[in-house]
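The basis for the numbers below is simple: all heavy atoms, side chains too, and nothing from hydrogens, waters or symmetry mates.
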Amino acid sequence: MPELPEVETIARLVRPALVGRRIAGLRASWKRTLGGAAPSSVARAVCGATLASVGRRGKFVVLALERAGAPAGGLFLHLRMSGRLHVDPMEAPRRPYERVSLALDDGNELRFVDVRKFGRFVFARDPGAILGALGPEPLDAAFTAEWLDRGLRSRRRALKPLLLDQTFVAGLGNIYVDESLFRARLHPLTRSDRVGPDGAARLWRAIRRTLGEAIEREGSSFDAFYLTPEGQPGSYQERFRVYGRDAKPCRRCGTRIQRLVVGQRGTHVCPRCQRRSRSRR
DNA sequence: AGCTACTCCTGGTAGC
DNA sequence: TGCTACCAGGAGTAGC
């Protein structure tokens, strides 16, 4: 599923085709993708605006809009489970599961394709309305081991649901949380306030390395859902240490990887490398 | 505050 | 072979 590394890869690949283009039209074939706004009002808000930049914040692709050189809101794209972006010539046949498309002034279209319809393609005048509640970017300088240590200490939640909480840190999802916890040798159910400074430092390093390596490999493609806009799969899935490796031997110690459910999410651990803190009654 | 359950969706697949 | 039932999962919400 697209998480930070996949979204970053997508934003990078789609950027050259979009920056500087003027929006000529918008079509929505599944209204909910627009987040509840009427297609006509979204069209009015974006048509004629220029795509000033293509960025990423957490798991959002952010298309900043300008009119006459002044900021004019943005489009905030969340791919959720199965969303994909394509830039196609206008005359190319519609893609299956296409939900929203933006016509550009160069004859191309940005197409938002989403089998499961969970994805969002939302216009907002104020970026803060969409992004305001997000926690820090895990690859930014502001996200330090000390910050993480304090953050873990100030909550009393199981590590996994806390790391999945986008208001705590932005961009992590199920895969990279499992991978990061394994690398930090922390159990997903360990309470955050019992991790300690050493554990926090290991977790910090694990998150940065895992995300960094995944971006280098253009994300993970283990099923048909995630492909880069060029149609290429990422290759980080070959490096998974625990995710999807249920019953396979741990790459570190050989113990069978276990699958459990934490917060309704499939969770993968090495029971030997990731000991659950025993201080828990 | 933080937990669980439920919702939104559909293609893929396990099980019969 | 062909069918059905269930699963995956990010995030929002409701209820406890």
- prompt: Rounded to the nearest Å, what distance is computed from the CG atom of residue A/D178 to the C1' atom of nucleotide C/dA8?
  reply: 14 Å
task: Identify which one of A/L65, A/L34, A/L63, A/I130 satisfies the side chain to side chain contact (heavy atoms under 4.5 Å, CB included) criterion when paired with A/F123.
output: A/L65
message: From CZ of A/F168 over to C1' of B/dC3, roughly how many Å is that when rounded to an integer?
response: 17 Å
Whole-Å gap separating C1' (C/dG9) and CE (A/M81): 3 Å
task: Please report, rounded to the nearest Å, how far the C1' atom of C/dA8 is from the CD1 atom of A/I175.
output: 11 Å
query: Taking atom P of C/dG12 as reference, at what distance in whole Å does atom CD1 of A/I130 sit?
result: 10 Å
query: Are A/F118 and C/dG10 stacked, counting the six-membered base ring, centres under 5.5 Å, planes under 30°?
result: yes
Separation of atom NZ in A/K59 from atom C1' in C/dA11, rounded to whole Å: 8 Å
query: Between the base of C/dA11 and the side chain of A/R265, is there a donor-acceptor distance below 3.5 Å?
result: yes
query: Any side-chain donor paired with an acceptor under 3.5 Å for A/S192 and A/R157?
result: no
- request: Choose from B/dT10, B/dC3, C/dA11 the nucleotide whose nearest atom is closest to any side-chain atom of A/R80.
  value: C/dA11
- prompt: What integer distance in Å separates A/L189:CG from B/dC3:C1'?
  reply: 12 Å
task: Ignoring backbone atoms, test whether A/Q264 places a side-chain nitrogen or oxygen under 4.0 Å from the OP1 or OP2 oxygen of B/dA5.
output: yes
